[in-house]
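Quick notes on the structure that follows.
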Amino acid sequence: MLSRLNDRQREAVEYVGGPLLVLAGAGSGKTSVITTKIAYLIKEKGIKANKIAAVTFTNKASREMKERVGKLVQGKEARGLTVSTFHNLGLTIIRREHKTLGYKAGFSLFDDQDTKSLIKDLMHKDFQTDAEIIGLVQHMISNWKNDLIEPEQAMGLAQDDRETLAAAVYREYDRHLQAYNAVDFDDLIRLPVRLFRDHPDVLDRWQNRMHYMLVDEYQDTNVSQYLLVKLLIGYRGALTVVGDDDQSIYAWRGARPENLIKLGEDFKNLKIVKLEQNYRSTSLILRCANTLIANNPHVYEKTLWSNMGSGSPIRVISCRNEDAEAERVVTEILTHRIKNDGHYKDFAILYRGNHQARLLEIKLQAYQVPYKISGGTSFFSRHEIKDIMGYLRLLVNPEDDNAFLRVINMPRREIGPSTLERLGTYANSRHISLFNACDELGLEQYLSGKALEKLGRFNHWLQQTIKRCAQDDPIAAIRQMIQDIDYEAWLHQNSSSPQVAERRMANVWILVDSLRDTLARMQEEDDEATIEDAISRLVLRDMLEQQEKEDDSDRVQLMTLHSAKGLEYPHVYIIGMEEDLLPHRNSIDEGNIEEERRLAYVGITRARETLTLSFASQRKQFGEMLNCTPSRFLEELPEGDLAWEGKENAPDEAKRARGHAALDALKKRLGG
DNA sequence: TAGCATCTCCTTTTT
DNA sequence: GGAGATGCTA
């Protein structure tokens, strides 16, 4: 088990005497360290698997970790081992302790969009409708929650009108969530921390289940996550965290890379192990990465080295426009694969923003290259999925007014805004949910007989479905519900073609199937898991697993630089190496170039054998062509290691192009 | 009240 | 070049 590790890695695995920080450079085998350590703890130290928890940040990372642990520890020995994301762990804790926290079973989990639309509604009342301000407030609320600042404190801290407004919205938002029996993503961490602080007996119970914790990508923890870990670990200090400050790319959502330093302050007996040997990339790729990141300040100095051979030069491709760029990358993968008899899945195309996948997708289809786009919100932002999720949510949580409103007229039940307005007034005065208000006698004063009947009918029907769901097979009840509302017919009426309608309906069944699978999987670990739990789990996107699993299929991988973290591919393409894209415009404005540089660093260090960077001279935005400038990061790379293609855009030219772009921007601002 | 058409806003990254 | 909001008509 230990024989495959180098000295440093082995040291990290064998050290169990206290808290341990592993500073692991990119590709230095940190996942091996974590997975081997889990096996070591179980096999050599006699710690039961159900007392060990490994926490990651993304579903992808946790899936991979589960798989790799599964190869080292099997069957009975592995029973009860927790490998999950922070948010999943939080959700599990809340599920089990919801009563203490004052939530009812079946609480809804609001995703980003739900949150935004609720905040928007609340701000409408203050006549604030500016999308930018709404986004800002959402961000501020999220940050407060991540820093464990309560609405009253936020109010006290507010420095100006805008912050006061945001704090007021925060208070209202929180009240509404409670009234809806709902939590949001940030609450998944915040509520467990609150729970453990306020209820030592509950904390005691959970500490008993966590005899050892391992945290991956530690530099990405925020204040509340760090506190959660600290609380769970308690006096034991049985903790291994693995991190790399050069790969901190989530500061924008509250991550505190300084938690790496804080750890040493909080645990005086902290041991630090550095992993500096890279087993992934050729030395040319590594030199590129090191040279780039040397432009950033460093907390802990480390020097990555590898003995994987020098490899081929890093290619930089300049293209006329975004279209040519996509075409170039796709055709190149095509020929490269044929020449070297390789696999499609050995190629990854990475980009800054999800929207960049669209063009690639078109080209890949045109050339019939199999591909897989991971991440993105596509599936869950589909109309049909939102509709059905609305029903599911209302089904298990009738307090969820948001879901009620989404669903009430879908398909049409002839219940319009004025009826809903009055229903809302009534529900408000009685402090009950819209759904529960539907069949109250007191409503008669507010509504006509016709409207009353329609609401009553809806209420009655859903009550029946709820009963059916509780009594027998919930999945069957849900299928029945979808039949009841005749959703398929509705889709056919509202789709541009029968084919589209069918595809949408297929999506609905995919959703139902993965709900079924999620439920089954959860019940394996915990026989008390219910359909309610499975539904909130779906919101965390920890799904479509069976599809992911089949993913031995040979397909080119497309994803954002963010979601590429922790992964590796023989051949990596990073597209859109341009100013305003990477580094992103907003980050430039905010003066946060360093995080963008780390993002580029993360991208570069995903590559094992070849690395190709590309940029376009022109790119369409808002329907008009804009001139683009090659990214400053290209100039920060070691010139001798690069092979430029498309001579017209060599670095000198790049600078001139940047001048042109600046001129363009100026002209635009002057209204020319 | 529903459905269609038009207009306007936006586009960073994730759970 | 998309999605959501608003506005107009049947």
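First the proteins, then the strands, lettered A, B, ... as listed; each starts at 1.
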Does [X] come within less than 4.0 Å of [Y], counting only side-chain N to carboxylate O?
| X | Y | result |
| --- | --- | --- |
| A:K620 | A:D323 | no |
| A:R95 | A:E532 | no |
| A:K30 | A:D244 | no |
| A:K363 | A:E325 | no |
| A:D387 | A:R504 | no |

Non-hydrogen atoms of A:V83 and A:S62 that approach each other most closely: CG1-O, 3.7 Å
Smallest separation among heavy atoms of A:V329 and A:I575, with atom names: CG2-CG2, 3.9 Å
Under a 3.5 Å cut-off on both pairing distances, which runs of 3 or more consecutive Watson-Crick or G-U pairs involve DNA chain C? B:1-9 with C:2-10
Specify the separation, in whole Å, of atom [atom1] of [X] and atom [atom2] of [N].
| X | N | atom1 | atom2 | result |
| --- | --- | --- | --- | --- |
| A:I189 | B:dT15 | CD1 | P | 13 Å |
| A:I134 | C:dG4 | CD1 | C1' | 12 Å |
| A:Q113 | C:dA3 | CD | C1' | 10 Å |

Could you check whether any side-chain heavy atom of [X] comes within less than 4.5 Å of a side-chain heavy atom of [Y], counting everything from C-beta outward?
| X | Y | result |
| --- | --- | --- |
| A:V183 | A:L91 | no |
| A:F86 | A:L188 | no |
| A:M389 | A:L511 | yes |

Expressed in whole Å, how much space separates the P atoms belonging to B:dT13 and C:dG4? 16 Å
Per the salt bridge (Lys or Arg N to Asp or Glu O under 4.0 Å) rule, which among A:R619, A:R352, A:R585, A:R632 passes with A:D580? A:R585
Could you tell me whether A:D112 contacts a base, only the sugar-phosphate backbone, or nothing, with contacts defined as non-hydrogen atoms closer than 4.0 Å? base
A:T58 or A:K454: which one's nearest nucleotide on DNA chain B is closer to the 5' end?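 Between the two, 5'-proximity favours A:K454.
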Atom pairs, N/O to N/O, protein against nucleotides 3-13 of chain B, distance under 3.5 Å?
| unit_1 | atom_1 | unit_2 | atom_2 | d |
| --- | --- | --- | --- | --- |
| B:dT12 | OP2 | A:N586 | ND2 | 3.2 |
| B:dT12 | O4' | A:H584 | NE2 | 3.4 |
| B:dT12 | O2 | A:R352 | NH1 | 2.6 |
| B:dT12 | O2 | A:R352 | NH2 | 2.1 |
| B:dT13 | OP1 | A:N354 | N | 2.6 |
| B:dT13 | O2 | A:W252 | NE1 | 3.4 |
| B:dT13 | O2 | A:R352 | NH2 | 2.3 |
| B:dT13 | O2 | A:H562 | NE2 | 3.3 |

Using a strict heavy-atom distance below 4.0 Å, which residues from residues 384-393 of chain A are in contact with DNA chain B?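 Residues of residues 384-393 of chain A under 4.0 Å from DNA chain B: none.
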